[in-house]
Trainee: 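Below are the structure tokens for one structure; questions will follow.
We number each residue from 1, following the sequence as shown. These values consider heavy atoms only, across backbone and side chains, with no hydrogens, waters or symmetry-generated copies. These figures come from a predicted structure and were not determined experimentally.
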Amino acid sequence: MLFWHSQPEHLWPSPGELYPGPPSSLLREALPLPYLKQEEPPNIPRAEPPCPAFQYVLCAATSPAVKQQEETLTYLNQGQSYEVRMLCNPKLGDATQGPRLLKSVVRVVFHDRRLQYTEQQQLDGWRWSRPGDRILDIDVPLSVGVIEPQVLPSQLNTVEFYWDPAKRTSLFLQVHCISTEFTPRKKGGEKGVPFRLQIDTFKPSDKELSPEHLHSAGCLIKVFKPKGADRKLKTDREKIEKQPVHERDKYQTACESTVFMECSPWPEPSSGPHPPLSPLALTSPNSCKLLSAERLCSSPPFASDTLGGSPAQDLNPGASILETQQWLHRHRFSNYCRSLANFTGTDLLKLTRQDLIQICGAADGIRLFNTLRARPIRHRLTLYVAQEASRQENEVPKNPDSGFYQEISLDELSAVELMGKLAELLDLPANQIHRLFHQGPGGILILLSDQVVQNLEDESYFVAVVKKVQNPDGYYLVLT
């Protein structure tokens with residue numbers, strides 16, 4: 001069992017690190033008077049380095065190929081469970097007063113500033129290429145002290161849980177995306193983009209009040225294919241060992257575990273559809289406190305449509321200057337609010353593609369042009385289905401829309417998706433539809449699989465015949 005007092009001494013800064021300089025500048029040298037007893041003045045507290053109320057330790061080695069004054073970098077294998085030890089300082093009781101259980105939110109976000117501004121597009125693309133998968137998961141069987149773990153379907157990169165700071169808590173996490181999935185050229189893990197693993201801890205409060213923020217910390221990670229992190233760590237060690245002695249001093253000493261560094265809390269999504277957001281809160285970066293004050297890492301603003309999957313709102317031509325500024329904030333164009341400070345909705349919509357490129361640069365200019373003239377996303381397959389009129393009243397549930405064709409839009413092109421849409425359309429319980437058939441040549445019944453659905457012609461129309469079956473009790477659907 002890991003206790004707070006058993007932490008290695010290198011995790012905490014010494015007085016010499018906090019107050020650099022010669023010893024004479026800190027304490028006056030004692031006089032050589034052997035006949036006097038040297039006693040410490042009573043009731044004078046000793047200067048101790050400040051200790052955080054919480055500390056999170058990732059049980060994975062840091063890379064030795066990181067220069068001094070830079071943030072540590074940790075390599076992880078895709079899908080492998082890694083332990084994160086949640087520690088609470090028992091000396092600081094103020095942070096844990098009140099409710100014993102604390103709530104922590106873990107996120108995997110982009111560290112690269114370029115990807116932060118296109119976070120929604122990157123996550124949507126990953127969701128499209130990996131349907132049903134998550135970026136971050138909790139390995140519940142291995143975790144200790146984790147209470148009520150939750151994963152939000154709309155937020156693939158976020159998990160939540162409760163824990164008791166007075167008891168041992170070990171959280172095991174799995175990261176399923178690799179760093180090369182977000183690079184233009186996917187030719188190896190060494191050129192992959194880094195991620196930031198961040199933990200925010202809150203004290204639960206009444207339902208009417210938002211939880212009180214207690215602590216936030218994060219670390220820098222890179223994710224490789226299975227066993228790729230081990231090979232990369234070995235390569236870095238061999239690279240540093242070949243360096244001259246004077247060059248090795250420029251790099252950090254690798255540690256067996258990774259200590260999260262304190263940082264600002266991740267902004268929570270606002271309530272309501274799109275409430276007005278504070279420009280100060282949106283434009284100020286969330287700087288993390290690292291070993292060096294000069295090294296800052298910031299996270300992008302989290303608007304209400306960042307990960308929620310809600311469609312982007314079109315800019316109204318009659319929007320005022322303030323409404324136009326809010327629209328720019330919501331769509332991650334905060335850096336150009338000053339350049340477009342006097343633009344109304346009409347002024348912004350009149351700009352051409354070349355005008356926006358000159359104002360915002362090539363990448364953001366094209367993105368702003370496409371956002372202003374965004375069209376509804378076309379579904380991959382559209383079908384028109386009508387329900388056959390029932391010959392017997394007790395054969396299927398009554399549907400007032402039977403006989404009329406209704407549109408069904410498919411995005412995943414799977415039989416499960418089509419069955420769910422048909423169950424909703426025909427007002428049938430989805431768990432009672434056992435088979436889905438398509439009437440082929442000569443009246444034969446073809447079992448609808450994913451491959452058959454993918455080969456259906458777009459904008460085809462069918463009549464759905466519902467057949468009642470028994471053993472087990474349910475329905476067969478036939479598309480004729």
Trainee: Would you call the rings of Y336 and F333 parallel, tilted or perpendicular, taking 30° and 60° as the class edges?
Mentor: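 Judged by the thresholds at 30° and 60°, the geometry between Y336 and F333 is tilted.
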Trainee: Quick one, V106 with V159, criterion side-chain contact (heavy atoms from CB on, under 4.5 Å). Give me CA distance, side-chain angles, the key distance, then yes/no.
Mentor: CA-CA 5 Å; V106 188; V159 295; 3.7 Å; yes
Trainee: May I have the step-by-step check of side-chain contact (heavy atoms from CB on, under 4.5 Å) for Q252 and T62, ending in yes or no?
Mentor: CA-CA 9 Å; Q252 298 182 16; T62 61; 6.0 Å; no
Trainee: Counting only heavy atoms from other residues, nucleotides and ligands, does the tally under 6.0 Å from CZ of R248 exceed 12?
Mentor: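 Yes, the 6.0 Å shell around CZ holds more than 12 heavy atoms from other groups.
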Trainee: Would a 4.5 Å heavy-atom cut-off, applied to side chains only, mark I433 and L422 as touching?
Mentor: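 The answer is no, as the side chains (C-beta and beyond) never meet within the 4.5 Å cut-off.
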Trainee: Flag the pair K234 and D230 as a salt bridge only when some basic side-chain nitrogen lies within less than 4.0 angstrom of an acidic carboxylate oxygen.
Mentor: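 So K234 does not pair with D230 through a salt bridge.
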Trainee: Answer yes or no: is there a side-chain heavy-atom contact under 4.5 Å between I366 and I357?
Mentor: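 Counting from C-beta outward, I366 and I357 do come under 4.5 Å.
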Trainee: Could you go through the side chain to side chain donor-acceptor pair (under 3.5 Å) check for S414 and D450 one step at a time?
Mentor: CA-CA 5 Å; S414 64; D450 293 346; 4.7 Å; no
Trainee: At their closest point, which heavy atom of F260 faces which heavy atom of L197, and how far apart are they?
Mentor: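 Looks like CE2-O, 3.5 Å.
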Trainee: Scan L171, T74, V259, T72 and name whichever one has a side-chain contact (heavy atoms from CB on, under 4.5 Å) with L58.
Mentor: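 Single pass found, and it is T74.
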Trainee: Is there a side-chain contact (heavy atoms from CB on, under 4.5 Å) between I199 and M86 once you walk through the steps?
Mentor: CA-CA 10 Å; I199 301 179; M86 312 288 293; 4.1 Å; yes
Trainee: Less than 4.0 angstrom from a charged side-chain N to a carboxylate O is my criterion; do E247 and K250 meet it?
Mentor: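 Salt bridge: yes.
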Trainee: Does NZ in K225 sit with more than 12 non-hydrogen atoms of other residues, nucleotides or ligands closer than 6.0 Å?
Mentor: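 Check fails, neighbour count at 12 or below.
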Trainee: Side chains of L136 and C177, heavy atoms from C-beta outward: is any pair under 4.5 Å?
Mentor: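 The answer is no, as the side chains (C-beta and beyond) never meet within the 4.5 Å cut-off.
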Trainee: Do L102 and F54 make a side-chain contact, defined as non-hydrogen atoms from C-beta onward lying under 4.5 Å apart?
Mentor: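 Yes, at least one pair of side-chain atoms sits under 4.5 Å.
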Trainee: Any non-hydrogen side-chain atom of E160 less than 4.5 Å from a side-chain atom of L152?
Mentor: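 Side chain of E160 against side chain of L152, heavy atoms only: contact under 4.5 Å found.
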Trainee: Give the minimum heavy-atom separation between D133 and W126, together with the two atoms involved.
Mentor: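 Minimum heavy-atom contact is O-CZ3, 3.6 Å.
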Trainee: Does L372 reach the side chain of L348, with side-chain heavy atoms less than 4.5 Å apart?
Mentor: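 In short, these two side chains touch, coming nearer than 4.5 Å.
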Trainee: If I take atom NZ from residue K103 and atom OH from residue Y162, how far apart are they, to the nearest 0.5 angstrom?
Mentor: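 It comes to 4.5 Å.
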Trainee: Less than 4.5 Å apart, side chain to side chain, heavy atoms only: is that true for E71 and R196?
Mentor: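 Heavy-atom side-chain distance check passes, below 4.5 Å.
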Trainee: Return each pair, listed once, that meets salt bridge (Lys or Arg N to Asp or Glu O under 4.0 Å) where at least one residue sits in residues 134-159; pairs must be two or more places apart or across chains.
Mentor: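 Non-adjacent pairs meeting salt bridge (Lys or Arg N to Asp or Glu O under 4.0 Å): R134-D137.
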Trainee: Should the pair H215 and Y56 be assigned to parallel (<30°), tilted (30 to 60°) or perpendicular (>60°) ring geometry?
Mentor: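 Rings of H215 and Y56: perpendicular, as their planes differ by over 60°.
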Trainee: For residues 65-87, pull every pair meeting ring-ring contact (aromatic ring centres under 6.0 Å, His included), keeping only residues two or more places apart or in separate chains.
Mentor: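 Sorted pair list: Y75-F224.
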Trainee: Ion pair present between D236 and K239, side-chain N to carboxylate O less than 4.0 angstrom?
Mentor: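 So D236 does not pair with K239 through a salt bridge.
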